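Just so it is clear, the model here is predicted, and its values are computed rather than measured. Counting from 1, the numbers follow the sequence of the chain as shown. Values reported hereafter were calculated over all heavy atoms of this structure, with side chains retained and with hydrogens, waters and symmetry mates removed. Both counts, for ligands and for their atoms, begin at 1 and track the order of listing.
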Amino acid sequence: MTEHFSEYRQSLIRALQEELEAAGSIPVEDIASQIRDIGFSCSMCGSCCKRSGGDNRVFLTSADLELLESCPACPEDAAVPMVPDGMDMSSASSVLEHLFEFDIDIKGRLHTFGWMLKRKDCGDCFFISEDGSNRCSIYGNRSMLCRTYPFYIEGGKLQTSECEGLGNGISYEDSLVLAGYLVERYITEIKDTILLYENFEEIQSSAESVEVFNKNLSDGVLAFVVHDCTGMSIFSRKLFM
Ligand code: SF4
């Protein structure tokens, strides 16, 4: 690892550690009060879970991965590598379209950061019901992002994503629960990112990397290396060409 990269990484880690310290003193009551001012009640439109609603990738924290592992209703591959918005990892043409967004190593593997929830072939979340009710089949085990949508905290400040449920009334109790989840999610994400940087191993690539990737793909093999808070994991899948 070059000295320059190592210094850069240390500076990122120091900035995150400062953010983590500040996150620990965010008053949950203040966040809850802001949520009440904005207002929110889920209208069950399903937009955040469906591909038709836009970017519906559900990023998973380390806590979410543990929850999925203990969830009896979840398949083993409920968590898949985080891929660019719009990429369908079961389609070779879609993978090729997004290839420029990846670092490829000498074994032809695509490097990515973190995990997301599995999606159906149509691009909707794997866990949204098929009966039109838009219910979540793993509601009690849903991820931190799902629990807190359409809110998130960035740089210590409450932010919102697009959602038709914003502006609706919310009770004092529900706002407090939601605010508690939000702060927990924010802290977990910072901790995960610090560990990701600490455990990150530089990607070994060469002029032949793309050629090796193309050879693997023509053999129907798509392999990812996922960098996360625990280090690196390999994820492979067969593609039918
Ligand atoms: S896990 Fe549930 S709440 Fe989250 S995106 Fe999927 S269906 Fe929606």
Side-chain angles (χ1 to χ4, degrees), residues 31-32 35 38-91 94 112-154 158-171 173-189 192 224 226 228-229 233 235 237:
I31 299 288
I35 291 171
I38 296 167
F40 172 68
S41 169
C42 177
S43 64
M44 298 294 291
C45 68
S47 278
C48 54
C49 316
K50 291 181 179 170
R51 184 73 194 101
S52 56
D55 183 1
N56 67 338
R57 292 171 300 168
V58 176
F59 178 78
L60 299 168
T61 65
S62 54
D64 296 326
L65 291 168
E66 279 176 27
L67 202 59
L68 286 178
E69 264 180 36
S70 63
C71 165
C74 294
E76 255 181 41
D77 63 344
V80 296
M82 175 57 84
V83 295
D85 184 26
M87 178 177 141
D88 172 6
M89 70 171 77
S90 62
S91 150
S94 178
T112 186
F113 295 87
W115 302 87
M116 62 183 232
L117 265 189
K118 181 185 173 90
R119 293 186 290 188
K120 298 175 189 175
D121 288 347
C122 64
D124 293 351
C125 176
F126 185 77
F127 298 102
I128 192 168
S129 64
E130 300 274 2
D131 61 6
S133 66
N134 295 330
R135 293 200 177 280
C136 171
S137 63
I138 53 163
Y139 190 76
N141 291 297
R142 70 199 189 288
S143 72
M144 287 180 149
L145 190 153
C146 300
R147 276 171 206 272
T148 52
Y149 194 87
F151 297 96
Y152 60 99
I153 299 176
E154 192 176 74
L158 184 68
Q159 309 286 344
T160 54
S161 301
E162 209 176 304
C163 175
E164 68 171 45
L166 287 171
N168 295 335
I170 183 168
S171 70
E173 290 75 19
D174 286 350
S175 70
L176 263 186
V177 172
L178 186 48
Y181 282 145
L182 272 164
V183 174
E184 189 188 340
R185 172 185 163 194
Y186 180 47
I187 288 174
T188 306
E189 286 174 351
D192 284 356
F224 292 90
V226 183
D228 67 12
C229 58
S233 312
F235 180 99
R237 69 164 33 183

Q: Identify the protein heavy atom lying closest to atom 1 (S) of ligand 1, giving its residue, its atom name and the separation to 0.1 Å.
A: Leu117 CD1, 3.5 Å
Q: Is it true that a side-chain atom of Asp88 and a backbone atom of Ser94 form a donor plus acceptor pair closer than 3.5 Å?
A: no
Q: Under a 4.0 angstrom heavy-atom cut-off, which atoms of ligand 1 come close to Cys146?
A: 1 (S), 3 (S), 4 (Fe), 5 (S)
Q: Could you grab the distance from atom CD1 of Ile128 to atom CD1 of Ile138, nearest 0.5 Å is fine?
A: 11.5 Å
Q: With rounding to the nearest 0.5 angstrom, report the CZ to OG distance, Arg119 to Ser90.
A: 10.0 Å
Q: Quick check on contacts: which atoms of ligand 1 are under 4.0 angstrom from a heavy atom of Phe127?
A: 7 (S)
Q: Keeping the roles fixed (side chain from Ser129, backbone from Arg135), state whether a donor-acceptor pair exists under 3.5 Å.
A: yes
Q: Could you go through the salt bridge (Lys or Arg N to Asp or Glu O under 4.0 Å) check for Arg147 and Glu184 one step at a time?
A: CA-CA 11 Å; Arg147 276 171 206 272; Glu184 189 188 340; over 6 Å; no
Q: Can you sort out which atoms of ligand 1 are near Ile128, meaning under 4.0 Å from one of its heavy atoms?
A: 7 (S)
Q: Is it true that some N/O/S atom of Cys136, main chain or side chain, lies under 2.8 Å from atom 2 (Fe) of ligand 1?
A: yes
Q: Do Tyr152 and Glu189 come within less than 4.5 Å of each other through their side chains, counting heavy atoms only?
A: no
Q: How far is atom 6 (Fe) of ligand 1 from its nearest protein heavy atom, and which residue and atom is that?
A: Cys125 SG, 2.3 Å
Q: Is atom 4 (Fe) of ligand 1 less than 2.8 Å from at least one N/O/S atom of Cys49?
A: no
